[in-house]
Amino acid sequence: MKRFWNTNGGIRSIEEWEPNCWIQVTCPTDEDRQQLEEKYQIPEYFFSDISDADERARFEFDEGWQLIILRIPYMKEVRSRTPYTTVPLGIIHKGDVLITVCYFETDMMIDFVSYQQRRNEGFTDYVDMIFRLFLSSSVWYLKRLKQISLLLDRAKRSMDHSVNNTSLVNLSRLQDSLTYFITSIRGNETLLQKLKFKLPIDELDADLIEDVNIEMSQARETAHIYAEILESTMDTYTSIINNNMNTVMRTLTSFSIILMFPTLISSMFGMNLINGLEASEWGFPVALVISVVVSIGSWLILRHKSLL
């Protein structure tokens, strides 16, 4: 899907391309891709790189065309193995052509357009728009991290009542999401430092870059904190599971020891040997009483040693 935006003095939708407008491409089809390549003579591999979900954040320059790949947060379906991840957003620029390409429909880009329309100022130039995309991605990283924090708190409350495999798997998935976030934020920070020397930056851009640095640092530190909390939580509940297992095994072992004595006594009196009670009518009661007394005695000893 392609949309054309005029960014002078605000953002408003237009029907077709005009110089210095913003072309927003979301989930492009092969036909959209071919039309853009033929009309603007964009290097073919630009779109291939952007379509790669694992493409790192980087800057590319080829035949006057600039390609900036920014990693942005993306929320998958609720039942996905990794609920939160990151995807590449490509920014293609040359002269009066500015195109953003994303192969995923993200809340960030929808909010970005809506916010800029409410802001009603537009962009001073393409550099201003690029750094505002950086700022928006940082803000959305923080939003997604808050959601992860809520999921983490909910999982911890659930596991306080019952620790099961499903809860541990859900925590592991959140840990994967935090790993993706931390890696992508680091890549964006490195890319931002490179763009300071690659793009024509004025005083206003410098102030915006400082804001972006602050937001990115906050997002990175927050992600690190949540990752450490999550790792500590998983270690704690793993220790609890191991401790519960040890308690169960200790209890079963203690009961096995208690039941061993009646078996031993009955085996001794049941052998075909002379023991003085084989012809007595009190033989069975005596063996039974001895078994009960020995079992109670062993139970008291184990109880005293806190093994039961």
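Starting from 1, each residue takes its place in the sequence as its number. Since the model is a prediction, treat every value here as computed from it, not as a measurement.
Under a cut-off of 6.0 angstrom, the local environment of CD in Glu231 is sparse, with at most 12 non-hydrogen atoms contributed by other residues, nucleotides or ligands. Other residues, nucleotides and ligands place no more than 12 heavy atoms under 6.0 Å from the CD atom of Glu105. Enclosure of atom OH in Tyr40 by more than 12 non-hydrogen atoms of other residues, nucleotides or ligands within 6.0 angstrom is indicated. Taking a 6.0 Å sphere around CD of Glu18, one finds it holds more than 12 heavy atoms contributed by other residues, nucleotides or ligands. Open room surrounds CD on Gln34; 12 or fewer heavy atoms of other groups in view lie less than 6.0 Å from it. Few gaps surround CZ on Arg119; more than 12 heavy atoms of other groups in view lie less than 6.0 Å from it.
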Would you check, one step at a time, whether the test side-chain contact (heavy atoms from CB on, under 4.5 Å) holds for Thr29 with Gln35? CA-CA 10 Å; Thr29 62; Gln35 289 178 353; over 6 Å; no
Would you please test Asp49 and Arg58 for salt bridge (Lys or Arg N to Asp or Glu O under 4.0 Å) and show each step? CA-CA 10 Å; Asp49 292 347; Arg58 62 185 178 84; 2.4 Å; yes
Show your reasoning for whether side-chain hydrogen bond (donor to acceptor under 3.5 Å, both in side chains) applies to Arg144 and Thr85. CA-CA 10 Å; Arg144 295 307 187 195; Thr85 184; over 6 Å; no
Is there a side-chain contact (heavy atoms from CB on, under 4.5 Å) between Tyr84 and Leu151? Walk through the geometry before answering. CA-CA 11 Å; Tyr84 297 93; Leu151 292 176; 3.7 Å; yes
Working for side-chain contact (heavy atoms from CB on, under 4.5 Å), residues Cys21 and Trp5: CA-CA 6 Å; Cys21 77; Trp5 302 97; over 6 Å; no
For the pair Ser254 and Arg250, evaluate side-chain hydrogen bond (donor to acceptor under 3.5 Å, both in side chains) and give the outcome as yes or no after the intermediate values. CA-CA 6 Å; Ser254 300; Arg250 184 179 61 191; over 6 Å; no
Would you check, one step at a time, whether the test side-chain contact (heavy atoms from CB on, under 4.5 Å) holds for Met129 with His93? CA-CA 11 Å; Met129 177 179 170; His93 174 263; over 6 Å; no
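Although no hydrogens or angles enter the test, the distance criterion places no donor-acceptor pair under 3.5 Å between the side chain of Ser232 and the main chain of Glu228. Judged by distance alone, the side chain of Thr183 and the main-chain N or O of Thr179 form a donor-acceptor pair under 3.5 Å. Although no hydrogens or angles enter the test, the distance criterion places a donor-acceptor pair under 3.5 Å between the side chain of Arg71 and the main chain of Glu55. Side-chain atoms of Asp153 do not come within 3.5 Å of backbone N or O of Leu150 as any donor-acceptor pair. At least one donor-acceptor pair closer than 3.5 Å links the side chain of Ser295 to the backbone N or O of Ser291.
Distance check: Arg33 CZ to Phe46 CZ gives 12.0 Å after rounding to the nearest 0.5 Å. Atoms CD1 and CD1, from Ile296 and Ile258 in turn, are 10.5 Å apart once rounded to the nearest 0.5 Å. Note: Leu174 CG to Phe181 CZ = 10.5 Å, rounded to the nearest 0.5 Å. The distance from atom CG of Asn20 to atom CG of Leu98, rounded to the nearest 0.5 Å, is 9.0 Å. For the atom pair CG of Asn188 and CG of Leu70, the computed distance is 4.5 Å after rounding to the nearest 0.5 Å. Of the inter-residue distances, the one linking Phe134 atom CZ with Met216 atom CE reads 5.5 Å to the nearest 0.5 angstrom.
Between the side chains of Lys198 and Gln66, no donor N or O sits under 3.5 Å from an acceptor N or O. Checking Asn242 against Ser239 by side-chain atom types alone, no donor-acceptor pair falls below 3.5 Å.
Minimum interatomic distance between Lys94 and Gly64 (heavy atoms only, all atoms of both residues): CG-O, 3.4 Å. Contact detail for Gln41 and Trp65: the closest heavy-atom pair is O-NE1, 3.2 Å. Met108 approaches Pro73 most closely through the heavy-atom pair SD-CD, 4.5 Å. In terms of heavy atoms, Leu142 sits closest to Thr222 at CD2-OG1, 4.0 Å. The shortest heavy-atom contact between Leu89 and Cys102 is CD1-CB, 3.8 Å. Ile69 and Pro88 make their closest contact through CG2-CB, 3.7 Å (heavy atoms, listed as atom of the first residue, atom of the second, distance).
Using a 4.5 Å heavy-atom cutoff, the side chains of Thr106 and Trp140 are not in contact. Between Ile92 and Ile50 there is a side-chain heavy-atom pair separated by less than 4.5 Å. Contact of the Leu133 side chain with the Met109 side chain is registered, since non-hydrogen atoms from C-beta on lie closer than 4.5 Å. Within the 4.5 Å cutoff, no side-chain heavy atoms of Cys27 are placed close to those of Phe104. Side-chain contact between Ile182 and Arg186 is present, with heavy atoms from C-beta onward closer than 4.5 Å. Side-chain atoms of His224 and Arg220, non-hydrogen and from C-beta on, do get closer than 4.5 Å to each other. Looking only at side-chain heavy atoms (C-beta outward), Trp22 and Val113 come within less than 4.5 Å of each other. A 4.5 Å side-chain heavy-atom check between Asp111 and Lys143 finds at least one atom pair inside the cut-off.
A side chain to side chain contact (heavy atoms under 4.5 Å, CB included) with Lys156 holds for exactly one of Leu230, Thr233, Leu171; it is Thr233.
Linking Ile, Leu, Val, Met, Phe, Trp and Tyr whenever their side-chain heavy atoms come within less than 4.5 Å leaves Val293 and Ile301 in two separate clusters. By the criterion of side-chain heavy atoms lying less than 4.5 angstrom apart, applied directly or through intervening Ile, Leu, Val, Met, Phe, Trp or Tyr residues, Val139 is not grouped with Ile91; the two fall into different hydrophobic clusters. Both Leu36 and Ile14 sit in one connected hydrophobic cluster of ILVMFWY residues. Membership requires side-chain heavy atoms under 4.5 Å apart, directly or through other members. A single hydrophobic cluster is not seen to contain both Leu259 and Trp299; linkage of ILVMFWY side chains at heavy-atom distances under 4.5 Å, directly or through other members, places them apart. Transitive grouping of hydrophobic side chains (ILVMFWY, heavy atoms separated by less than 4.5 Å) keeps Leu195 and Ile185 in distinct clusters.
By the 30° and 60° cut-offs, the orientation of the rings of Phe112 relative to Phe123 is parallel. Taking the six-membered ring where tryptophan is involved, the planes of Phe59 and Phe61 are essentially parallel, since the angle between them stays under 30° and well short of 60°.
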